[in-house]
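To start, the structure under review is shown below, and the notes come after it.
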Amino acid sequence: MIIAVDGPAASGKGTIARALARHYGLPHLDTGLLYRAVALTVERLGLDPSREADAVAACDFDERVLADPLLRSDAVGQRASIVSAHPLVRASLLQRQRRFAAQPGGAVLDGRDIGTVIAPDATAKLFVKAAAQVRARRRHAELQATGSSIGLDQVLADIRARDARDEGRAAAPLVQAADAAPLDTSNLSIEASVQRAIEMVEAQRNRGVR
Ligand code: CDP
Ligand code: CDP
């Protein structure tokens with residue numbers, strides 16, 4: 001069973017994907033971390049994220065960077081959406097994600113293009129969304145908890161800029177797959193979001209097309 005969870009920044013996709021993985025006893029991959037690792041490595045090497053060759057050079061990153069707390073920062077998220085627009089960066093990270101999805105027993109992956117590119121034949125696909133204002137408030141609270149002094153207005157502007165880049169790029173843009181179930185978490189608690197997600201996965205599974 002492969003579960004694909006896609007959606008924009010701070011929509012709740014990671015929280016939902018982790019909960020689904022626990023519920024079904026499956027391994028989980030947050031694919032955004034891979035793009036964040038490339039972005040942080042580009043920065044540390046003094047390279048330019050907007051140059052495709054520079055970003056590709058960082059795809060072979062040191063695995064230890066995946067545990068770096070800086071990975072979760074707003075600035076790295078922004079740069080991740082710059083490196084992720086390069087087709088050769090996406091191609092470089094593709095096999096790693098496909099291998100994870102192909103594990104015996106299955107897997108849960110969350111990102112932007114899981115249902116459209118990485119696992120188009122997934123058993124279940126969710127497209128998680130929420131109003132930009134709500135997402136900015138959630139991400140702002142998270143960043144404050146890590147000691148960041150970034151303002152809410154800046155977080156909202158950054159989320160909007162990232163949405164525009166992720167939706168507007170030519171390579172694997174952020175878009176709801178035709179066969180994905182939409183889940184708007186704007187007015188849902190975490191518990192309610194997870195409950196709804198499980199119901200949607202069950203409905204897609206029982207439909208039994210895959
Ligand atoms: O957690 P959040 O939604 O803020 O971001 P993330 O999932 O860590 O992703 C960071 C950036 O990586 C996104 O803005 C995308 O540009 C890129 N990304 C992507 O292009 N494809 C994916 N499957 C996952 C992330
Ligand atoms: O992975 P993504 O960036 O889409 O979002 P997330 O990391 O799962 O969630 C972003 C923040 O929103 C986290 O602090 C979640 O606890 C919170 N959240 C929420 O308040 N209500 C929800 N229904 C879902 C997530």
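Worth knowing before you read on, the calculation uses all heavy atoms, side chains too, and leaves out hydrogens, waters and symmetry mates. Just so you know, ligand 1 is whichever comes first in the structure, and atom 1 is the first atom listed for that ligand.
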How close does the nearest protein non-hydrogen atom get to [atom], and which residue and atom is it?
atom: atom 16 (O) of ligand 1; value: D166 OD1, 2.6 Å
atom: atom 3 (O) of ligand 1; value: K13 NZ, 2.6 Å
atom: atom 24 (C) of ligand 1; value: T31 OG1, 3.4 Å

* Can you find an N/O atom of D110 closer than 3.5 Å to an N/O atom of ligand 2? ->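 No: no nitrogen or oxygen of D110 is under 3.5 Å from one in ligand 2.
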[Y]/[X] salt bridge by N-O under 4.0 Å criterion:
X: R96; Y: E63; answer: yes
X: D184; Y: K129; answer: no
X: D6; Y: K125; answer: no

* Asked: Among L47, D62, V65, whose side-chain contact (heavy atoms from CB on, under 4.5 Å) with T41 holds?
  ->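 Only match with T41 under side-chain contact (heavy atoms from CB on, under 4.5 Å): V65.
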Contacts table for residues 13-26: side-chain donor-acceptor under 3.5 angstrom, sequence neighbours left out:
residue: K13; atom: NZ; partner: P8; partner atom: O; Å: 3.2
residue: Y24; atom: OH; partner: E202; partner atom: OE2; Å: 2.5

* Where the side chain of R79 meets the backbone of E43, is there a donor-acceptor pair that is under 3.5 Å apart? ->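 Not a single qualifying donor-acceptor pair exists.
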Report yes or no: does a heavy atom of [X] sit under 4.0 Å from some atom of ligand 2?
X: S11; value: yes
X: P8; value: yes
X: R139; value: yes

* **Any N or O of S84 closer than 3.5 Å to N or O of ligand 1** =>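 Yes, S84 has an N/O under 3.5 Å of an N/O on ligand 1.
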* Asked: If you measure every N/O of R169 against every N/O of ligand 1, is any gap under 3.5 Å?
  ->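 Among all N and O atoms of R169, at least one is under 3.5 Å from an N or O of ligand 1.
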* **side-chain hydrogen bond (donor to acceptor under 3.5 Å, both in side chains) contacts in which one or both residues fall within residues 44-60, not counting sequence neighbours** =>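 Every pair satisfying side-chain hydrogen bond (donor to acceptor under 3.5 Å, both in side chains) with a residue in residues 44-60: R44-D68, D48-S50, R51-D54.
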* To the nearest 0.5 Å, tell me how far I118 CD1 sits from L94 CG. =>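 These two atoms lie 4.5 Å from each other.
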* Using a strict cut-off of 4.0 Å, indicate which atoms of ligand 1 neighbour a heavy atom of S81. =>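 Taking each heavy atom of S81 in turn, ligand 1 has 14 (O), 16 (O) under 4.0 Å.
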* 4.0 Å heavy-atom contact, R72 with ligand 1 ->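 So R72 does not count as touching ligand 1.
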* Of the listed options R162, R165, E167, R90, closest to atom 5 (O) of ligand 1 (non-hydrogen atoms) ->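 That would be R162.
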